[in-house]
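Chain naming here is simple, since letters A, B, ... match the order of the sequence lines and numbering starts at 1 in each. Hydrogens, waters and symmetry mates are skipped; everything else that's a heavy atom, side chains included, is used.
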Amino acid sequence: MSLVRDSSLVWLASGIVGVSFGAVSVAGGLPVWVPVVMSLVVYAGSAQFSAVGVLLAGGGPVAAAATGLLLNTRTAAFGLAVADIIGTGRASRLLGAHLVTDETVAFALAQSDPVRQRRAFWISGLGLFAVWNTGVLAGALAGGALGDTARYGLDAAFPAVLVALVLPQLRADATVRRCALLGAVVALAVTPAVPAGVPVLLALAGLFLHRRRPVEAAA
Amino acid sequence: MNASVVVILALALGTYAFRLVGLVLHGRVEIPARAQELASAGAVVLLVALLATGALTESGGFAGWARPAGVLAGGVLAWRRAPFVVVVLGAAATTALLRLAGAG
């Protein structure tokens, strides 16, 4: 099935990033349970990396949590975007909310019809959760034995995954394309000056270019 | 309480609240069509900003040439409608080879 095949590469890449998260945390002096439990209950890669980074740099728990939370504010917008895909059932909402990540949202939105979007969300979300947490556990147990994961070029794989996933929407809609371009320029311009997580939020300023669609024939 | 426990709890509860609020708002209040249009455009804007900053920056500075070159290679493959697996492996391989050759 093509959804599983396409997801599995994201899983593979995430698993390896998870291994490096576990390894980095333990090599920095945290006990094994910290990266493992954090991955299960927080389940947001970039926020976990920054929170542990701040913690290991001696920034204190408040700064560590605040940095991670700032990075995760975007998930509220993602929740709104995939609400229709997840549906209105209580259980599916409570579980689905925890599975909202950049990759899974992008993967679900990239599908063409609602049934496929729903399947894509759950396949990608559940698979990613399983693989990410397994990777973190393996990395935490292996410690520093893995070496520098940058050598495998994985840091390029993630932005490339996002390119592949948003490209269909950028091709189809010139308005969204203009907004996204302005947003990316804003985000890049402010990156050196503001804390992690803020550039992406400021990118939403790109929506100023989003004009109201001309009203079509009355429904 | 130990500092790690505080960080994990605060981050877990806050993150889950952010994730749930979008889902719950969607059903409870009547969201105007215009706002929904902006929300779905906003998701794409966020993803593109993430990929741009992820491709080009690292800890507030330039990430070096190897990573954006790999992402660009992946982008070209995606533009030419290469299969997903080729896009991802092409990007990682390009960056890995450039690093092997000594690029940052």
Side-chain angles (χ1 to χ4, degrees), chain A residues 6 9 34 37-38 41-42 44 47 51 55 61 64-65 68-69 72-81 83 86 88 93 97-98 100 102 105-106 109 151-164 166-167 169 176 179-180 183-184 187-188 191-192 199-200 203-204 206-207 210, chain B residues 3-4 6-8 10-12 14-16 18-27 34 37-57 60-61 63 66-67 70-71 73-75 78-79 84-85 87-97 99-100:
Chain A
D6 289 350
L9 265 164
V34 172
V37 173
M38 187 188 271
V41 299
V42 177
L55 210 53
L69 283 176
N72 282 342
T73 45
R74 67 173 185 276
T75 57
F78 285 145
L80 204 56
I86 293 175
T88 52
R93 267 193 187 167
H98 194 52
V100 170
D102 305 337
V105 168
L109 291 178
R151 119 169 75 123
Y152 312 116
L154 285 167
D155 50 323
F158 270 88
V161 163
L162 294 179
V163 172
V166 297
L167 208 52
Q169 290 159 86
V176 171
C179 298
L188 288 172
T191 293
V200 171
L204 288 174
L207 288 175
H210 199 281
Chain B
S4 302
V6 174
V7 174
I8 291 175
L11 202 47
T15 301
Y16 190 71
F18 281 137
R19 285 172 165 153
L20 200 59
V21 76
L23 291 182
V24 170
L25 272 183
H26 191 80
R34 172 71 182 153
E37 217 176 88
L38 282 178
S40 54
V44 178
V45 170
L46 283 173
L47 290 168
V48 171
L50 272 176
L51 80 84
T53 52
L56 291 165
T57 69
R67 191 196 298 172
V71 177
W79 183 257
F84 195 64
V85 49
V87 172
V88 176
L89 294 182
T94 304
T95 297
L97 287 174
R99 292 216 172 103
L100 201 62

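In summary, of the residues considered (B:Val44, B:Val45, B:Leu46), a side-chain contact (heavy atoms from CB on, under 4.5 Å) with B:Val48 occurs for B:Val44 alone.
With chain A as the partner, the residue from B:Ala93, B:Gly90, B:Ser4, B:Gly70 showing the most heavy-atom pairs under 4.5 Å is B:Ser4. When each of A:Leu207, A:Val105, A:Val163, A:Val37 is scored by its heavy-atom pairs under 4.5 Å with chain B, the top score falls to A:Leu207. For the set B:Thr53, B:Leu56, B:Leu50, the count of heavy-atom pairs under 4.5 angstrom toward chain A peaks at B:Leu50. Heavy-atom pairs under 4.5 Å with chain B were tallied for A:Val166, A:Thr73, A:Leu109; the largest tally goes to A:Thr73. By number of non-hydrogen pairs under 4.5 angstrom with chain A, the leading residue of B:Gly75, B:Ala43, B:Ala10 is B:Ala43. Counting heavy-atom pairs under 4.5 Å between each of A:Val41, A:Leu162, A:Leu69 and chain B puts A:Leu69 at the top. Taking chain A as the reference chain and counting heavy-atom pairs below 4.5 Å, the highest number among B:Val87, B:Leu38, B:Thr94 is found for B:Leu38. Between chain A and the residues B:Ile8, B:Leu20, B:Leu97, the largest count of heavy-atom pairs under 4.5 Å involves B:Ile8.
Atom OH of B:Tyr16 is separated from atom CG of A:Asn72 by 14.0 Å, given to the nearest 0.5 angstrom. Atom CD1 in A:Ile86 sits 4.5 Å away from atom CG in B:Leu23 (nearest 0.5 Å). To the nearest 0.5 Å, atoms OG1 (B:Thr15) and NE2 (A:His98) are separated by 9.0 Å. Summarising the geometry, atom OG1 belonging to B:Thr95 is positioned 8.5 Å from atom CZ belonging to B:Arg67; distances are rounded to the nearest 0.5 Å.
Summarising the geometry of B:Ala41 relative to A:Val176, their closest heavy-atom pair is CB-CG2, 4.1 Å, with the distance given to 0.1 Å. Between B:Val71 and A:Ala160 the shortest heavy-atom distance is CG1-N, 4.3 Å.
Of the two parts of A:Leu167, only the side chain, counted from C-beta on, holds a non-hydrogen atom closer than 4.5 Å to a non-hydrogen atom of chain B. Proximity to chain B involves both the backbone and the side chain of A:Ala164, based on heavy atoms less than 4.5 angstrom apart. B:Thr57 touches chain A through its side chain: at least one heavy atom from C-beta onward sits under 4.5 Å away, while N, CA, C and O do not. For B:Val21, the part lying near chain A is the side chain, with the backbone staying farther off; criterion is any non-hydrogen pair under 4.5 Å.
For A:Arg74, the salt bridge (Lys or Arg N to Asp or Glu O under 4.0 Å) partners at least two apart in sequence or on another chain are A:Asp102.
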